[in-house]
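A quick write-up on the structure given underneath.
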Amino acid sequence: MSSAAPTAPDAAPEQAARSDVPARAAGRWVRLRAAVARHRADLLVGLLFTALAGWVTHGLWPDPSGRVLALNPEDQTLYEWFLAVDSRALLGDFGLLTDRLNAPDGVNLMANTTVIALGVAFAPVTLLFGAPVTFALLAGLNLAGTALAWYLLFTRVLGAHRLAAALGAGLCGFGPGIVSQTNSHLHMTAQWLVPVIVWLVVRLLRAADPLGGPDRRRMLTSAVGLAAVVSVQVFVGEEVLFLCALTLLVMAVAYALADRALLRRALPGFAGGMLVAAGLALLVLGYPLWFQFAGPQGVADGMFSPHYFSADLVSWWTLSPLSAAGSDEAARLTTGPAEYNTFLGWPLLVVALGCAVWLGRRPLVLACAAGALVMAALSLGPDVVVRGDRTSIPGPYALLAGLPVVDGALPMRFALAVLPLAGTLLVLAVDRALRGTGRARRLVPAAVGLALLPVLPAPLPTAERPALPEFISAGHWRECVRPGGVLVPVPLPTPKEPWPMRWATAADAAFGLPEGFFIAPYGKGGTAAMGTWKRPTSYLLSEVAKRGGRPAIGDRERRQAARDADRWGASCFAVADGTRHADDLRATLDQLYGPAERVADAWIWRV
């Protein structure tokens, strides 16, 4: 009895704690169910966007390593190599100048659209499953993520009705231009940070408005957040950031003219916050941007002609070939299947214009309309093009001629900024209609829904890609080149035929390649160019690969071949079975470098 008495007080709290565990678990379950109930509509919208993204990209999913986007396989090869190189950051093997391509000079990753932030974030996926899986995943996630981010901005910042927000966000994330860019341009489709940038700019403006009581703490956090998001976006895609900044600038001017009272009240605080954000971002981005423009292999100008990459005026009211109601005949109105940036179709243009007129002279409506008109006009390029014929009518883009960096932008991509602006107008109109009464409550949402139906995306065409040689897939390449060394696939990769870069991608960029597909200062006078000059031996081998035959090889060619191999730092050359004119290539290489060795399904020459 005496020994049991002291234990009773100690046992009671333990029993009470044990009995409270189910109660706490039940409480958490109740709170979880309540949160799900509150956000059920948001979750359904997110699932809808995810399903739509899966539908658009579903051709890749049966076998990401064996399937390729049929309309732009060259760029997919390039971006998969980017993802492989980026993933090496997880292994501690990464720099802004990589020697894994264009050996020995290397490639400036900042001067190329290398989606560094995406590659590093998804490095575990790449290293575990391969870059093609990461590419397929990002192709879908960029669509769904962009749409969901705009949906959250419309519902949380604008306070829009969920149906209105879903319709507008669907256009932002799955509009013709974004779906078209999904043909391998990951840096253009990863726009899920753009709504975050817009939110932080709006938050800073609201905090700077004295009518709400200027909130210096909120202004500071908004400026710091803006600097952080902008810094990340630079390493996702600078072109998207440029388009976002230019659009916001046009909208800010239009909004200020429409609401001059707000301009007088908030300008000092807002300008100060933006300067803080710019200064903080510059601290982070100063060196990477210097490296991009003035560092090794850097380029200070664009390489694409604005005259060639101009939007055709007629394309604006034409439906994209990648839309459900589109026609393949419309493809002649643009430069390629990855650039259907303007193909909104006349129903959507008419309805968007009608919504803008119906909404009246609200500052946000005027700002969106002004931004859309300016960006659409800039997309027409230096001279207006109509049905493929260049006219003598100058386009507004001519005003940008000669401006550093800006002059290198592709005019037709300015049209991508019109999607979220048109989407915002649709959201505002449908939201106003749903909150009102009368015929507009049904008429406006129905008109918007009908206008969006023709631009619903169709699945992206895919095709089977050639299998990798066992020499690469089974790791036999290690028998002739050490990790970090240089392997020379024959023929060598070029911008038009980058397929050997898949060898390095499959090996997680563990070895380097000469030449390849990239942007570097190999143009006239050190200007930007695609790829590099071919060495004499590379040119000789490429001619054999194209036309066949066995050229005469003498001491001069052998000495040149030795110099080229030394210049590249090559460990070995390799020709895989199935290569076009493989027998002729083998005979040529035998004369240049001596008898070949057989390794798996490839012939190799050690040098």
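Here the shortest heavy-atom pairing between Val107 and Phe518 reads CG2-CG, 3.7 Å.
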Just distance, no hydrogens or angles: give the donor-acceptor pairs under 3.5 Å from side chains in residues 422-429, sequence neighbours left out.
{"from": "Thr424", "atom 1": "OG1", "to": "Pro420", "atom 2": "O", "distance (Å)": "2.7"}

Under 3.5 Å, side-chain donor or acceptor atoms of residues 263-289 against the rest of the protein: list the pairs with distances, not counting sequence neighbours.
{"from": "Arg265", "atom 1": "NE", "to": "Asp209", "atom 2": "OD1", "distance (Å)": "2.8"}
{"from": "Arg265", "atom 1": "NH2", "to": "Asp209", "atom 2": "OD2", "distance (Å)": "3.1"}

For residues 116-125, which side-chain N or O atoms pair as donor and acceptor with protein atoms under 3.5 Å away, sequence neighbours left out?
none

For residues 353-360, tabulate all N or O donor-acceptor pairs below 3.5 Å that involve a side-chain atom, not counting sequence neighbours.
none

Please tabulate, for the side chains in residues 217-227, all donor-acceptor contacts under 3.5 angstrom to protein atoms that are two or more places apart in sequence or on a different chain.
{"from": "Thr221", "atom 1": "OG1", "to": "Arg203", "atom 2": "NH1", "distance (Å)": "3.0"}
{"from": "Thr221", "atom 1": "OG1", "to": "Arg217", "atom 2": "O", "distance (Å)": "3.3"}
{"from": "Thr221", "atom 1": "OG1", "to": "Arg218", "atom 2": "O", "distance (Å)": "2.9"}
{"from": "Ser222", "atom 1": "OG", "to": "Arg203", "atom 2": "NH1", "distance (Å)": "2.8"}
{"from": "Ser222", "atom 1": "OG", "to": "Arg218", "atom 2": "O", "distance (Å)": "2.8"}

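In this structure, the ring-ring contact (aromatic ring centres under 6.0 Å, His included) partners of His187, at least two apart in sequence or on a different chain, are Tyr79, His185. For Leu47, there are no side-chain contact (heavy atoms from CB on, under 4.5 Å) partners at least two apart in sequence or on another chain. Partners of Ala324 by side-chain contact (heavy atoms from CB on, under 4.5 Å), not counting sequence neighbours, listed by chain and number: Leu456. Trp55 pairs by the ring-ring contact (aromatic ring centres under 6.0 Å, His included) definition with His58, not counting sequence neighbours. With sequence neighbours excluded, the residues satisfying ring-ring contact (aromatic ring centres under 6.0 Å, His included) with Phe309 are Phe304. In this structure Arg435 satisfies the side-chain contact (heavy atoms from CB on, under 4.5 Å) test together with His161, Asp431, sequence neighbours excluded. With sequence neighbours excluded, the residues forming a side-chain contact (heavy atoms from CB on, under 4.5 Å) with Ala169 are Phe49, Trp150, Tyr151, Phe154, listed by chain and number.
Screening Ser379, Ser315, Ser180, Ser320 against Thr342 for a side chain to side chain donor-acceptor pair (under 3.5 Å) leaves a single residue, Ser315.
Looking only at atom types and distance, the side chain of Glu238 has no donor-acceptor partner in the side chain of Gln233 under 3.5 Å away. Side chains of Ser184 and Asp75: a donor-acceptor N/O pair is absent below 3.5 angstrom, by distance only.
Taking CD1 from Ile197 and CG from Leu241, the interatomic distance works out to 5.5 Å, rounded to the nearest 0.5 Å.
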